[in-house]
Structures are given as structure tokens and as C-alpha cells.
Amino acid sequence: MLHTFILEQIRRQGDAGLSFADFMQQCLYHPSYGYYMQQRERIGKKGDFYTSSSVHHVFGVLLARQLAQMFEILAMPDFTIVEQGAGEGHLALDVLDELKRREPEVYAALDYCIVEISPDNRTRQAHLLAEHECVRWATLEQLKSVRGCFISNELVDAFPVHVVEKHAGKLYEVRVIEDDGAFVEKLFPASAALRMHFDSLGVEPVEGNRAELCPDAATWMQQVAEILERGFVITVDYGYPAAELYAPFRLNGTLMCYAQHTTNENPYQNVGQQDITAHVDFTLLEQTGARAGLVPLYFGEQYRFLMGLGFVEELMRLQAQTTDPGAAMALRMTLKNLIVPDSGMGDTFKVLIQGRGVGEPELLCSRSVADIAASFTMDAPK
Ligand SMILES: C[S@@+](CC[C@H](N)C(=O)[O-])C[C@H]1O[C@@H](n2cnc3c(N)ncnc32)[C@H](O)[C@@H]1O
């Protein structure tokens, strides 16, 4: 169905076919057949991939601590959290449960607003979050003068990207055309807009390499900055600063498809039945935010962020609650995924925090690993 729809769109465009971003937009967000728009499992064991919030509720618990400190810094009676791209609502549930349990003052001031493109996910979120009356849904366009914090986990990697290649010093755009009913790629000289994207970034792909770029990420950051009157933006996602994202060794870019917990690099198969993502350019988010008045306050790997917020202490607390060595081991293995550098989510996943009208506070998450070790030494029995 989706395959036929996209082929018809390509035919309507003539020789130039569709930009990869338009192709990806349809694969993921076609109103009826797009991957995120269908009624189906996407996240967790029965789905196609795990996210940090689906791994364990510790992720949301620790994020709630950072949010509680932000509430204190803002020192205002009301506190709006806008979560965009909330999936099935697990992160929201973990944050809200933790704030209700441990930070009743923050919970009482809370307006938790979800911006979610997928009707299926909105239904799942409403079901999961039914007990929390402070939750509402809105579009980004409906929000104005937000005072509080924008949060997102793995939102930006789901925005459509353009794909480019550099040959003989010239930048080319990958476009999707038809060959006898199949999707194939064809290179066209890159448009001025795509070339300007790299000019303004100050970094570009090297000779012979393929890479992605996501102008939608910049548009989104600009929009968020305009809506935020005072407060913070926390963006968690896998990605790199531009110099690393477009480094010479990254020959084929970072585009990846996910289906039933396996990955592949072919976005032209199983259209609408697999997720398509690309790593996030954090320099682009930081630069766009800075131009719109957002001050970068923190950028680091997810493992540092979680350690700073008390990951180790929380792990020890949870372990102490179980007497079963098997269960304790399973807990350690599960939580390891959130912080291990190579195969896990600890290193590739980054956290960017920007602020407006908040000064340059020392955020809880920036507590250094040395400070964590010192706190254990101080607590150790004599
Ligand atoms: C990979 S999932 C991440 C889910 C969730 N944050 C988690 O940690 O489990 C991406 C989410 O972003 C949503 N999404 C994608 N583009 C969006 C947009 N422009 N506005 C709002 N939600 C969007 C998808 O429907 C989905 O809920």
C-alpha cells in the first residue's frame, strides 16, 4: 500500500523523484501507513527496539531529580514540562511517579504537556498516564510562553533527513526514483539550501563520503526556543558533535533501520514496517539554539549524566531491596545497558541541556565521577 503510494508520488515529481527526506517522511509519518502512525508495537520486547525508558524506570527516576532541581532554580509557582515524542509514555510515567512520591511540591505545581505526532502513541500514553491528572496533550504550535522544561528522548533521530555524497569536491543529493516498480537512488547536484546548511554549520562531509543532514532538527530547535519563555531544554539522543558526525572515517553516514530488534541499512525494503533513523548533529542543535537565545549549559554522554544524578547510589539501593542473587544480577545486567560505552546506550547517547533566563547554574547532572567516589568514601563505615 505505502510502496504504491510513494511510487505514485515519485512519478508525479518527474525525473528528479523524491528527496530522501520526503521518502523517509512518508515511510515514518504517512497518516495511515507510516511506521509511527499505525497501530502496532514499536518499543520493547514485542516491538522493534528498546529505548532507555523502556529498559528500566531508573532513567525516568534520575531525570526527575534533575527536573526537581530545575524547578528549584526557576523558583516560580508553576512548572510546565513539555515532553515531545513520548512513545508509549513510559518516561512520563516514571518521571511523574517519582515526582509524586519524592517531590510533592514540584508535582503540585506541574503541568505535563505531551506533544506527540502519532495517534496510536497518544492513545497508549493516555491509557498509561490516566492516573496523573496534570497530563495534557498539545501541538507545538499551540504552546506559548512556556516556563519550565522541554524534554525529549530519541525524538530528533526520528526526524526525516536528507542524504548527500561528496565526489570530486562537489556535494550531491541522494534522491529516490523508480526503476521498474522498485526504489532506487540517483545523485543530483545538491541544492543551495543543502550546501548552505553545511556552510552555516562550518563542517562538511569529506570527499567520497556519504552523510545525512537534518534541517528539520534546526527548525524544531528554533521553534522550541521561541516557545520557551524561561527554563531549560533537555535533549537526549544518540549522536555526536558535527566534527565527529562528519568525521572522515564515517564513510557511509549513520542511517539505520530497525525491525524486530535487528538492524539493517536498507530503507527501501519493508517500507512502513521498519523504523528509519540517523544520528543527531548536536552542534546543529546547540548553534541553532544559541542563535535563538538558548545558552548551552551541559553536554555529555548519557552515562555521565546518569552517574551525576545518582545512578550508582540508585543501583545500590535497588540491589539492597532484593535478597535473590539471580534477581540482583539481572538488575545489574539490565541497568548496565544504560551506561556501558560500547554496545550499550551510555556513550553514543548524549544529553544536551540549554537554558533561557536561568543564568549558568551548576546542574546536578554535572556532578563529576570524582565527586561520586568521594561521596562513597565519606559514607563508608569506619
Ligand atoms: C523513537 S520514539 C521515542 C519514544 C520515547 N521518547 C521513549 O523514550 O521511549 C520517537 C517518538 O517521537 C514521536 N515523534 C516523531 N516525530 C515527532 C514530531 N514531529 N512531533 C511529535 N512527536 C514525534 C514518535 O511518534 C515517537 O513517539
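Quick note: residue numbers are just sequence positions, from 1. Order of listing sets the numbers, starting from 1, for every ligand and every atom in it.
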Part of Ile43 with heavy atoms under 4.0 Å of ligand 1, whether side chain, backbone, both or neither: side chain
Salt-bridge criterion met for Arg42 and Asp275 (N-O under 4.0 Å): no
Region of Glu116 engaging ligand 1 - heavy atom pairs below 4.0 Å: both
Close approach, Leu91 and ligand 1, non-hydrogen under 4.0 angstrom: no
is_close_aromatic(Phe20, His162), centroid dist under 6.0 Å: no
Backbone of Val146 reached by a side-chain donor or acceptor of Thr80 within 3.5 Å: no
Heavy-atom nearest neighbour in the protein, as seen from atom 26 (C) of ligand 1, with distance rounded to 0.1 Å: Asn121 ND2, 3.6 Å
Backbone or side-chain N or O of Glu154 under 3.5 Å from ligand 1 N or O: no
Atoms of ligand 1, numbered as shown, that sit under 4.0 Å from any heavy atom of Leu155: 12 (O), 14 (N), 15 (C), 16 (N), 17 (C), 22 (N), 23 (C)
Residue-ligand contact Ser54/ligand 1, heavy atom below 4.0 Å: no
Ligand 1-proximal atoms of Trp220, by part, heavy-atom distance under 4.0 Å: neither
N/O separation below 3.5 Å, Ser53 to ligand 1: yes
Options Thr51, Asp120, Ile117, ranked by nearest heavy atom to atom 14 (N) of ligand 1, top entry: Ile117
Atom 20 (N) of ligand 1: the protein heavy-atom neighbour that sits closest, reported with distance to 0.1 Å: Gln84 NE2, 3.0 Å
For Ser118, atoms of ligand 1 separated by under 4.0 Å from a heavy atom: 25 (O)
Residues Glu226 and Gln222: side-chain donor-acceptor under 3.5 angstrom: yes
Backbone or side-chain N or O of Gly87 under 3.5 Å from ligand 1 N or O: yes
Flag, side chain of Glu178 to backbone of Leu7, donor-acceptor distance under 3.5 Å: no
Short N-O contact, Arg40 and Asp48, less than 4.0 angstrom: yes
Charged N-O contact under 4.0 Å between Glu165 and Arg210: yes
Protein contact of atom 8 (O) of ligand 1 - nearest heavy atom, named by residue and atom, plus distance: Asn153 ND2, 2.7 Å
Atom 5 (C) of ligand 1: the protein heavy-atom neighbour that sits closest, reported with distance to 0.1 Å: Gly85 O, 3.4 Å
Neighbour count >12 (heavy atoms, 6.0 Å) for atom CD, Gln260: no
Nearest-contact summary for atom 15 (C) of ligand 1 - protein heavy atom, Å: Tyr29 OH, 3.1 Å
Donor-acceptor contact present, side-chain Arg147 to main-chain Glu229, <3.5 Å: no
NZ/NE/NH1/NH2 to OD/OE distance under 4.0 Å, Glu8 and Arg11: no
